[in-house]
2 protein chains.
Amino acid sequence: MPRPARFTHDDILDAALAGVVRHGPRVNVADIADELQGPVGSIYHRFPSRDALMVRLWLRSVERFQAGLAPLAALPDAHEALLAMARHIPQFCRTHPDEATCLTLFRQDRLLGEGPDELRDVVATMNDTVTALLAGVTRRRYGRVTKRHHHCVRMATVVAPYGLVRPYLGGPIPLLVDDATAAAADAILNLGDHPPRSG
Amino acid sequence: MPRPARFTHDDILDAALAGVVRHGPRVNVADIADELQGPVGSIYHRFPSRDALMVRLWLRSVERFQAGLAPLAALPDAHEALLAMARHIPQFCRTHPDEATCLTLFRQDRLLGEGPDELRDVVATMNDTVTALLAGVTRRRYGRVTKRHHHCVRMATVVAPYGLVRPYLGGPIPLLVDDATAAAADAILNLGDHPPRSG
DNA sequence: CGCATAATAGAACCAATATTCTAGATCGGG
DNA sequence: CCCGATCTAGAATATTGGTTCTATTATGCG
C-alpha cells in the first residue's frame, strides 16, 4: 500500500562508502546524496543522523571483513590457520578496496567515544566474535592461552597484516605485501613459543 | 619596543597537539585556544588558517620522529642498523605518545591533497630525507637496490613497526611490541634475500 | 610622558553543513 | 477513484565553527 522505496539501507550505505572513498572521512551529507543521486531527505528518512550513518557503514564493513575469517580458523593445523587468517587481510583489501579504506578511516575507540549512544553497544561488541575465534585457535596452537599468547596471536593475525597493507590502500597492493605479512606473522607467532625474556 | 609575545609558535603547536589528542583530528580552533588558555586571535596572529596550523603540527611531529633515525642508520652492520631503526618506532611512541598519535591521525597523501598550497612542497619532500637514509642502508644490506629491496626495507623498518604500535597508542605500549617489531622486521628483511617466487 | 609597534583579546561575522519541515508522489485496497 | 501509508523531494532553518575586525594592552625609546 505505501509508495515503494527507491533506496534501501544498503543503497545509502553504498553511497556513503563511495562518498568516503572520494572525499575522505569528512564527507558531508550533500555529497552522499549526490552519490546516491537522491535527496538528503531520503537519507534522513532511514538514518537518524550523519554520525549514525557513518557508524553503520563502519559496522557493515567490519562484518564483511569478518565473514571470511571463520572458515580459516577451522583449518586443521592451528599454525597454518593463523597464517591463513593473516593472509586474508591483504587479500580482502585487494578484493574490497573501498570497504578496506573505510575500515582504516574510523577507529573503533573513537566511534565508541563520539558515536551515537544507541550504537555504542554494537560497536563495543563488534570485535568479540573475532576475539572468540582467535582464542580458540590460540589454544590449539600453544596448548594454553596466556596474555602473552593472546597478544602474539592478535599482532600476528590482525595488527601486523593490517599495518602492512594500510599504506597501499587506495592503489594496487603488491603481492610482496602478502609474503611480508606471512613472514611477519610466522615470526611473531614463534615469539609465543619462548619465555618473555627477549632475544 | 612592541608588546612582548605571550605565545610562541611552539606554544600554539603544543596546544594544537593537546587538542588533537583530546578531541581527535577534527578539533576546532576554539578548543585549541582553550588548551592554549588564550584567545583565538592569537592563534590567527601566527598561523594563517587552521589547516596550516595542523599541517605545521604534523610537520613538527615528523621532524621530531626523524631526528632519532639518522644515527641508527650509520651503525656499522647494515642489518643491525635496519633492526635498530625498526625498534626506534615503538620506542619513540613510548617517549612521545602525543606526537605519535598525531602522526597516525593525518596521512601524508591527504595533507598533500587538502592542505594549503604554500605548504605542499614541504609536505611532499618531508619523507625524502628518510628515503635517502633508507636507500643507503639498503645498498649496504643487499649490495644493490632493486624495487623489491626498497619495498622490503620500507615495510620492515617503517610500515610494520608503525602498524604494530598503532593500536596501542593512547595507552601503555607493552614491551612485547618491541620484540614483535624486531622479529617481523628481521623476517621481512630476509625476504629480500630470496627471489620473487614466494615460499 | 606620549609615541610607535606588535601582540592580546574576544566579540562579530559569515560560510559550510547537519537537520527539519512541508509538499507532493506512488502504490494497494476498499 | 479516493484513502491511508510510506516514501521522495528539496527548500528552509539552525548550528557549528573558521575567519575577520576593532579595540585594548604592553613594551622601549626619544
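Residue numbers begin at 1 in each chain, while the letters A, B, ... track the order of the sequences. The figures that follow rest on heavy atoms only: side chains count, while hydrogens, waters and symmetry mates do not.
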Residues A:D11 and A:R46 bridged, charged N to O under 4.0 Å |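 The answer is no: the pair does not qualify as a salt bridge.
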When the distance from [atom1] of [X] to [atom2] of [N] is rounded to whole Å, what number comes out?
| X | N | atom1 | atom2 | value |
| --- | --- | --- | --- | --- |
| B:N28 | D:dT15 | CG | P | 17 Å |
| B:R50 | D:dG17 | CZ | C1' | 9 Å |
| A:R26 | D:dT16 | CZ | P | 16 Å |
| A:D51 | D:dT16 | CG | C1' | 13 Å |
| B:Y44 | D:dA23 | OH | C1' | 20 Å |
| B:H23 | D:dG18 | NE2 | P | 12 Å |
| A:L36 | D:dT8 | CG | P | 9 Å |

In chain order, what residues pass the side chain to side chain contact (heavy atoms under 4.5 Å, CB included) check against B:V123, with sequence neighbours excluded?
-> B:V55, B:W58, B:L59, B:Q108, B:L111, B:L112
Determine yes or no for a side-chain-to-main-chain donor-acceptor pair under 3.5 angstrom, with A:R50 supplying the side chain and A:V27 the backbone.
-> yes
Hey, could you give me the CG/OG1 distance between B:L134 and B:T157, rounded to the nearest 0.5 Å?
->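 Atom-to-atom, B:L134:CG and B:T157:OG1 are 4.5 Å apart.
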Indicate whether the side chain of B:D186 and that of B:H79 have a donor and an acceptor atom separated by less than 3.5 Å.
-> yes
Residues in ring-ring contact (aromatic ring centres under 6.0 Å, His included) with A:Y162, at least two apart?
-> none
Once base and sugar-phosphate atoms are separated, protein heavy atoms under 4.0 Å mark nucleotides 3-13 of chain C, 5' to 3', with B, S and - as -BBBBBBBB--
